[in-house]
K.L.:
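Below you'll find the structure I mean.
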Amino acid sequence: MKTNRTSRIRTLTRLTVANRASAAYLTLVGGAMTVAALEPLFTSAPDAPLIWVWPALFTFPAFGFVAWLGEAGWGGDAPTWFFIGGIVLSALIQSLALGATWNALRGQRERRGRLTTSS
């Protein structure tokens with residue numbers, strides 16, 4: 001029973017982070033979050049916090065639910081940790097969906113077999 005559970009966890013981890021599509025997506029979101037976190041160190045512009053729009057947009061379909069929860073729970077005054085955690089969780093959920101899609105498309109291609117000039 002333990003090996004079955006471990007197998008499921010490995011499969012979810014592989015789909016979430018260990019394929020090209022998910023890795024590229026997580027790199028994009030992580031880079032946007034790094035730039036957003038470092039932006040206030042290099043500028044004193046009053047609109048510097050608006051840089052956090054980019055990580056939220058990169059995770060938008062799932063982050064829309066997080067934003068809705070923040071609005072419903074705190075009435076627009078949600079703490080920063082809630083939104084940053086929401087961006088991370090949204091990125092992981094979407095990375096899992098992207099990895100599952102990638103895996104399904106690769107499986108269809110492998111099931112068809114290789115096309116050669118003689119077939």
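All heavy atoms count here, side chains included; hydrogens, waters and symmetry mates do not.
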K.L.:
Under a single-linkage definition using a 4.5 Å side-chain heavy-atom cutoff for Ile, Leu, Val, Met, Phe, Trp and Tyr, are Leu28 and Val53 assigned to the same hydrophobic cluster?
P.N.:
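Leu28 and Val53: one cluster.
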K.L.:
Donor-acceptor pair, distance only, cut-off 3.5 Å: does the side chain of Thr43 make one with the backbone of Pro40?
P.N.:
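No; judged by distance alone, with no hydrogens or angles, the pair does not exist.
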K.L.:
Any chance you could measure Ile93, atom CD1, to Leu98, atom CG, to the nearest 0.5 Å?
P.N.:
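Ile93 CD1 to Leu98 CG: 13.5 Å, rounded to 0.5 Å.
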K.L.:
With no hydrogens and no angle check, is any side-chain donor or acceptor of Thr16 less than 3.5 Å from a backbone partner on Ser95?
P.N.:
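Not a single qualifying donor-acceptor pair exists.
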K.L.:
Spell out, yes or no, whether Trp52 and Leu50 are grouped together once hydrophobic residues are joined by side-chain heavy atoms under 4.5 Å, including indirect joins.
P.N.:
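In one cluster with Trp52: Leu50, no.
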K.L.:
Checking side chain to side chain contact (heavy atoms under 4.5 Å, CB included) for the pair Trp54/Met33: CA distance, chi angles, key distance, verdict?
P.N.:
CA-CA 8 Å; Trp54 288 105; Met33 287 186 71; over 6 Å; no
K.L.:
For residues Ile51 and Ala36, report the shortest heavy-atom separation together with the two atoms involved.
P.N.:
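Ile51 and Ala36 have their closest heavy atoms at CG2-CA, 3.5 Å.
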K.L.:
Hydrophobic clusters here meaning ILVMFWY residues chained together by side-chain heavy-atom distances under 4.5 Å, can you tell me if Phe60 and Trp68 are in one?
P.N.:
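No.
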K.L.:
Please list, one pair per line, the donor and acceptor atoms closer than 3.5 Å that link side chains of residues 72-88 to other protein atoms, with sequence neighbours excluded.
P.N.:
none

K.L.:
At what distance, to the nearest 0.5 angstrom, does OG of Ser90 lie from CZ of Phe58?
P.N.:
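Rounded to the nearest 0.5 Å, the OG-CZ separation comes out at 14.0 Å.
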K.L.:
Do Leu57 and Leu26 sit in one hydrophobic cluster, given that two such residues count as connected whenever their side-chain heavy atoms are within less than 4.5 Å of each other, even indirectly?
P.N.:
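Both belong to a single hydrophobic cluster.
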K.L.:
Quick check: is Ile9 connected to Leu15 through a chain of hydrophobic side chains (ILVMFWY, heavy atoms under 4.5 Å apart)?
P.N.:
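No, it is not one cluster - the side chains of Leu15 and Ile9 are not joined through contacts under 4.5 Å.
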K.L.:
Leu12 versus Arg8: any side-chain heavy-atom pair under 4.5 Å?
P.N.:
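No, their side chains stay 4.5 Å or more apart.
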K.L.:
Looking only at heavy atoms, what is the nearest atom pair of Tyr25 and Gln94, with distance?
P.N.:
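Minimum heavy-atom separation between Tyr25 and Gln94: OH-NE2, 2.6 Å.
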K.L.:
Side chains of Leu96 and Leu92: closer than 4.5 Å at any heavy-atom pair?
P.N.:
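A side-chain contact is absent here, since even the closest heavy-atom pair is not under 4.5 Å.
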K.L.:
Just by distance, do the side chain of Asn103 and the backbone of Gly99 share a donor-acceptor pair under 3.5 Å?
P.N.:
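Answer holds: no.
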